[in-house]
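Heads up, the thing below is written out as structure tokens.
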There are 2 protein chains.
Amino acid sequence: MATVQNMDKIKERLSQMMSASERRAQLGQDHQSLEDLVYQRVRDKIIYHELKPSERIIDAKLAEEFGVSRSLVRQALTILEKEELVVSIPRRGFYVKDISKKDVQEIYDIRKLLEVFATELAVPNLPENQIAQVEEIFRVAREDLKEGVVESTIEADMRLHGMITEYCGNERLKKMIKQYNNLYVFYRIVDLSQINRANIAYVEHYEILEAVKARDVQRAKELMGQHIENAREIILQNFNFYTFGINEV
Amino acid sequence: MATVQNMDKIKERLSQMMSASERRAQLGQDHQSLEDLVYQRVRDKIIYHELKPSERIIDAKLAEEFGVSRSLVRQALTILEKEELVVSIPRRGFYVKDISKKDVQEIYDIRKLLEVFATELAVPNLPENQIAQVEEIFRVAREDLKEGVVESTIEADMRLHGMITEYCGNERLKKMIKQYNNLYVFYRIVDLSQINRANIAYVEHYEILEAVKARDVQRAKELMGQHIENAREIILQNFNFYTFGINEV
DNA sequence: AAATAGGAAATTGTTTACATTATATCACAC
DNA sequence: GTGTGATATAATGTAAACAATTTCCTATTT
């Protein structure tokens with residue numbers, strides 16, 4: 001069978017490119033093309049700051065590291081440029097995008113706009129069982145938080161936002177929000193790893209969940225908007241501390 | 001000089017690719033890279049329906065037509081896929097995206113969201129002289145419209161939206177709105193060429209301009225939102241008539 | 001006549017090569 | 001030492017080549 005042969009080749013590539021565990025995780029889903037894989041790896045290098053803001057990206061280096069040709073890396077970089085994680089200066093190469101306060105402002109303004117709208121669209125349509133599932137995760141998170149464990153709060157966060165995005169019913173909006181998530185990760189220098197923020201974020205999210213459960217669209221929107229503004233403020237407040245003096249504004 | 005040499009090569013390419021008048025227009029601005037030019041040409045072929053919705057796009061064909069290599073065409077297609085004008089089915093090629101009523105809904109919902117927000121941001125910051133300029137264009141348009149000439153109404157439309165976009169102050173929002181403009185063109189099967197619609201659109205735009213001039217943010221937002229909803233309705237009403245039976249929903 | 005198999009042609013995904021441009025190195029003058 | 005220019009090296013932009021897969025056409029079978 002053609003597909004089997006194909007799968008073997010992809011596996012072979014994969015083993016060059018990633019660790020065994022990552023590989024198994026990836027192979028679970030229906031076949032990722034090589035382009036997608038390369039895109040993801042380059043993107044992750046950027047959003048997790050393995051490639052640092054304003055650092056030059058040399059396609060040939062990444063190509064060698066991944067064991068693929070430059071074309072694939074360049075294609076990934078082209079997409080990442082569209083996603084605002086990379087800038088390309090003609091004849092001088094690609095660079096990881098800089099971090100500035102103005103960017104945080106812009107991104108979070110848009111995030112607020114998009115996610116509040118998604119909330120409006122999603123709240124009337126969320127299935128009860130989905131809400132119940134997320135509630136359960138919040139229950140676990142509350143217990144964990146008492147003992148200073150923040151991981152499940154992070155999960156609760158992601159699941160709540162994810163559920164709203166998933167059920168907003170507008171495919172383009174969905175894609176945009178998901179794309180912006182990469183930017184949040186990139187900019188989230190400060191995050192829930194601080195237990196204080198985790199506690200506050202837990203409460204904020206829980207309130208949103210309650211409004212969602214009550215199908216109170218207006219309240220859910222307000223809370224979501226407020227929550228995103230708060231998140232932005234935290235990042236901005238700690239910006240100078242966490243940034244590496246690369247870029248001010 | 002290095003740049004001069006470079007320029008000559010680009011010119012040479014350009015003459016292969018486009019008519020003399022187009023070429024001069026393009027060269028006015030600071031040098032467009034070949035990638036950009038190819039991207040623009042492929043994009044225009046799609047949004048002006050020279051390549052029809054759901055038609056297959058064969059990269060080699062376009063490459064030959066433009067006198068460039070497949071790499072450049074594929075790069076352009078990759079970007080256009082991100083912009084939702086093209087879909088790529090692995091191993092089976094690129095296709096011009098289909099047109100459906102649901103897409104019109106989605107796109108115009110997002111357009112409304114983005115442009116209303118841009119209005120909110122821009123109205124307090126628009127320079128008086130910019131407003132005056134656009135007013136002047138509206139004056140001309142009104143006269144022309146009396147004689148059944150719609151071109152300047154179209155220009156007035158574009159200038160008003162363009163001014164608001166330009167002064168919204170959020171660079172990312174700006175890019176998003178501009179990108180969506182391509183989609184509007186692609187979907188604008190019905191447009192201002194009908195004199196009735198032109199008259200209505202003129203009034204709608206003029207009201208927005210008045211609110212902008214009065215710096216009445218709230219009213220400007222409402223009018224803008226309403227105007228975009230109206231535009232969507234016109235398209236949807238005429239959808240079945242103008243569509244080629246490719247795709248329903 | 002319809003269905004199916006098989007092979008040729010077309011097309012895609014990816015790599016490799018090449019020309020041009022930018023960057024770094026080093027020698028030499030001041 | 002510092003600055004300047006020439007040369008070598010590295011990196012980019014683009015094209016061309018190649019392998020694998022799909023599509024299309026024809027011939028054969030039922």
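To find a chain, count down the sequence lines: A is the first, B the second, and so on, and within it residues start at 1.
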If only atom types and distance count, is the side chain of B/Glu106 paired as donor or acceptor with the main-chain N or O of A/Glu171 below 3.5 Å? yes
CD of B/Glu55 versus P of C/dT11: gap in Å, rounded? 13 Å
State which residues pass side chain to side chain donor-acceptor pair (under 3.5 Å) with A/Ser88; sequence neighbours excluded, sorted by chain then number. none
Please write out the pairs of protein N or O atoms and N or O atoms of nucleotides 7-12 of chain D separated by less than 3.5 Å, giving the distance to one decimal.
unit_1, atom_1, unit_2, atom_2, d
D/dA11, O3', A/Arg56, NH2, 3.4
D/dT12, OP2, A/Asp59, OD1, 2.8
D/dT12, O2, A/Arg91, NH1, 3.1

In whole Å, what is the span from the CZ atom of A/Phe66 to the P atom of C/dT15? 13 Å
Residues in side chain to side chain donor-acceptor pair (under 3.5 Å) with B/Glu50, at least two apart? B/Lys45
Between the base of D/dA15 and the side chain of B/Ser71, is there a donor and acceptor pair under 3.5 angstrom? yes
Between D/dT22 (P) and B/Tyr95 (OH): distance, integer Å: 12 Å
What ring pair (Phe, Tyr, Trp, His ring centres under 6.0 Å) pairs are there with at least one residue in residues 150-175 of chain A, not counting sequence neighbours? A/His161-A/His205, A/His161-A/His227
With sequence neighbours left out, the residues meeting side chain to side chain donor-acceptor pair (under 3.5 Å) with B/Tyr180 are none
Can you sort out the partners of B/Tyr108 under ring pair (Phe, Tyr, Trp, His ring centres under 6.0 Å), two or more places apart, ordered by chain and number? B/Tyr184
Atom pair distance, as rounded to whole Å: CG in B/Leu34 and P in C/dT21: 13 Å
